[in-house]
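Computation of the quantities below employed the complete heavy-atom set of this structure, encompassing side-chain atoms and omitting hydrogens, waters and symmetry-equivalent molecules.
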Amino acid sequence: MQCEHWDRGACRSCRYLDVPYGEQVAAKSETAAEALALVPTAAGVHWLSPRRSAPTAFRTSAKLVVGGTRRRPTLGILGPDRRGVDLPGCPIQHPAINRATPALKRFIRSLDLIPYDVPTKNGELKYILLTVGADEIILSKRRMLPIRAGDLDLALGPGSFIQTNAAVAGDLYRQAADWAALPLASGDAPQTLWDLYCGIGGFALHAANAGIPRVTGVEVSERAIASAIRSASQAGLSRTAARFIAADATAWAAQQDPATAPDVLIVNPPRRGIGDALAQWVNEHAGERVIYSSCNPTSLARDLEAMPAYRCVEARLFDMFPHTDHVEVAVLLRRTPS
């Protein structure tokens, strides 16, 4: 990939830009495999082919640093001096984001806003968040942006998290839904699913779309839950079919009657992982199948160690962010017979 900002040394965010993309994916796959190889219950796991990304124009969500002056604002990243670096036409960003930045600079000038200066802690505008959605909304009262991810339109509200690579995220949701819908050991189809750390509901809603009759999503962010509820309604799902709850995932799970544990559990925690308390609850009370989506193979391996009742049977790498160290891995776990 050719990048003028890399060539002139203005940006080093894509630290492996000079490494062929195939080699990048191979290195990430090796990193993930090495992490799981240390876990006894992951021995012999079957690795599916990695989901590669387009090496350019893949970033559909961006947080741009506002720098410069009120008359000549910049949009890009923070430089080594902690001041804004302008990155027009960034090749990893979706073309719609790059097309929007000139107009955004004009908008900043028209409002006479002062870009925030980190060294002096002075200014009014630090960042602009841009997400490529399904349609264009211009300064309306509409509070949610429809985002196409996988097979569904998800509603994205202010402050809600969305993956930076919508195409790869969509395939991650599809993979999890395929795993979730597999027959149980009894031969019956799964009837219930919990999605902990559900965000705006991508995993849960795709599982519902795959035929699981009752899904429940739990997420601490009330804004994200509002988005998930809106998406479920737009998909024609009743509150019984798709229930979303604003709560701490670990505390909520601990409050549930173990007899109501779902057939399938999905966890998609932040980089720190699910932690000891939730891992213990999963190990003791969760059902036959767990799907764990992780952005940190190290914390994933640690959590798997704390859940010896489950065996890792399949895994897949999803390259959300080419040219970086970022690794996203999804694993399918099955409870081992007592």
Heavy-atom closest pair, residues L113 and L125:
CD1-CD2, 4.0 Å
Between L104 and I128, is there a side-chain heavy-atom distance shorter than 4.5 Å?
yes
Under the side-chain contact (heavy atoms from CB on, under 4.5 Å) test against L265, which residue among Y292, Y310, W194 passes?
W194
Heavy-atom pair with the smallest gap, counting every atom of T240 and R214:
O-CG, 3.9 Å
Short question: side chain of Q24, backbone of Y16 - any donor-acceptor pair under 3.5 Å?
yes
Common cluster, F203/I245, ILVMFWY with side-chain heavy-atom separation under 4.5 Å:
no
Backbone N or O of T324 within a donor-acceptor pair of the K28 side chain at under 3.5 Å?
yes
Any donor and acceptor pair, going by atom type alone, linking the side chain of E124 with main-chain N or O of P115 inside 3.5 Å?
no
Any L75 side-chain heavy atom under 4.5 Å of L87 side chain
no
Using side-chain heavy atoms (C-beta onward) and a distance below 4.5 Å, is I77 in contact with S13?
yes
Do M307 and L333 have side chains that get closer than 4.5 Å, going by heavy atoms?
yes
Please check if V267 and I225 belong to a single hydrophobic cluster, counting links between Ile, Leu, Val, Met, Phe, Trp and Tyr side chain heavy atoms closer than 4.5 Å.
no
For atom CG of D276, is the number of surrounding heavy atoms from other residues, nucleotides or ligands below 6.0 Å larger than 12?
no
Is a donor on one side and an acceptor on the other found under 3.5 Å between the side chain of R82 and the backbone of D117?
no
Is a side-chain N or O of T101 found less than 3.5 angstrom from the main chain of N98, in a donor-acceptor match?
yes
Steps toward side-chain contact (heavy atoms from CB on, under 4.5 Å) verdict (L196, L278):
CA-CA 10 Å; L196 304 185; L278 184 54; 4.2 Å; yes
Are the side chain of H206 and the backbone of G202 linked by a donor-acceptor contact shorter than 3.5 Å?
yes
Decide yes or no on side-chain contact (heavy atoms from CB on, under 4.5 Å) for R302 and I274, but give the supporting numbers first.
CA-CA 10 Å; R302 184 172 61 245; I274 64 175; over 6 Å; no
Under 3.5 Å donor-acceptor, S233 side chain and I229 backbone
no
Does a side-chain heavy-atom distance below 4.5 Å link F244 with E219?
no
CA sep, side-chain torsions, deciding dist, call: R243, V215, side-chain contact (heavy atoms from CB on, under 4.5 Å):
CA-CA 6 Å; R243 181 175 61 139; V215 304; over 6 Å; no
Between Q256 and W252 (side chain of the first, backbone of the second, donor and acceptor by atom type, cut-off under 3.5 Å), is there such a pair?
yes
Could you tell me the separation between the CH2 atom of W6 and the CG atom of D18, rounded to the nearest 0.5 Å?
5.0 Å
Output the distance between atom CG (D303) and atom OG1 (T298), rounded to the nearest 0.5 Å.
11.0 Å
Rounded to the nearest 0.5 Å, what separation is found between the CD1 atom of I291 and the CD1 atom of I266?
4.5 Å
Under the side chain to side chain donor-acceptor pair (under 3.5 Å) test, which residues partner H5, sequence neighbours left out?
R8
Nearest atoms (heavy-atom pairs only) where G273 meets Y197
O-OH, 4.4 Å
Please round to the nearest 0.5 Å and tell me the distance separating atom CD of Q191 and atom CG of D263.
7.0 Å
Report the C-alpha distance between I92 and C14 in whole Å, list the side-chain angles of each, state the deciding distance to 0.1 Å, and finish with yes or no for side-chain contact (heavy atoms from CB on, under 4.5 Å).
CA-CA 9 Å; I92 68 168; C14 297; 3.9 Å; yes
With hydrophobic residues grouped by side-chain heavy-atom distances under 4.5 Å, do I212 and L172 end up in a single group?
yes
Rounded to the nearest 0.5 Å, how far apart are CG of L332 and CD of Q175?
8.5 Å
Check whether any side-chain heavy atom of R289 sits under 4.5 Å from a side-chain heavy atom of R335, and report yes or no.
no
Which heavy atom of S227 sits nearest to which heavy atom of I200, and what is that distance?
CB-CG2, 3.8 Å
Main-chain N/O of T74 paired to D86 side chain as donor or acceptor, under 3.5 Å
no
Would you say F318 and V331 are hydrophobically clustered, going by side-chain heavy atoms of ILVMFWY under 4.5 Å?
no
Walk me through whether R52 and D319 qualify under salt bridge (Lys or Arg N to Asp or Glu O under 4.0 Å).
CA-CA 5 Å; R52 295 165 60 122; D319 192 15; over 6 Å; no
Give me the atom names and distance for the closest heavy-atom approach of L205 to A228.
CD1-O, 4.3 Å
Would you compute the distance between atom OG of S53 and atom CZ of R59 and round it to the nearest 0.5 angstrom?
12.0 Å
Measure from the ring center of F321 to the ring center of F58 and say whether it is less than 6.0 Å.
yes
Evaluate ring pair (Phe, Tyr, Trp, His ring centres under 6.0 Å) for Y116 paired with Y127, printing each intermediate quantity in order.
CA-CA 9 Å; Y116 188 81; Y127 307 105; 8.5 Å; no
Looking at every non-hydrogen atom in both residues, tell me the closest pair between N296 and R271 and how far apart they are.
ND2-O, 3.1 Å
Are there more than 12 heavy atoms of other residues, nucleotides or ligands under 6.0 Å from atom CZ of R12?
yes
For M320, does its backbone N or O pair with a side-chain atom of H326 as donor and acceptor, under 3.5 Å?
no
Would you say the side chain of V264 lies within less than 4.5 Å of the side chain of T192, judging by non-hydrogen atoms?
no
With E222, which residues qualify under side chain to side chain donor-acceptor pair (under 3.5 Å), at least two apart?
none
Pairwise side-chain contact, N165 with T60, heavy-atom cut-off 4.5 Å (strictly under)
no
Say whether L38 and L304 are linked into one hydrophobic cluster, either directly or through other cluster members, by side-chain heavy-atom distances under 4.5 angstrom.
no
Cation-pi check for W47 against R316: NZ or CZ below 6.0 Å from the six-membered ring centre and within 45 degrees of the axis, yes or no?
no
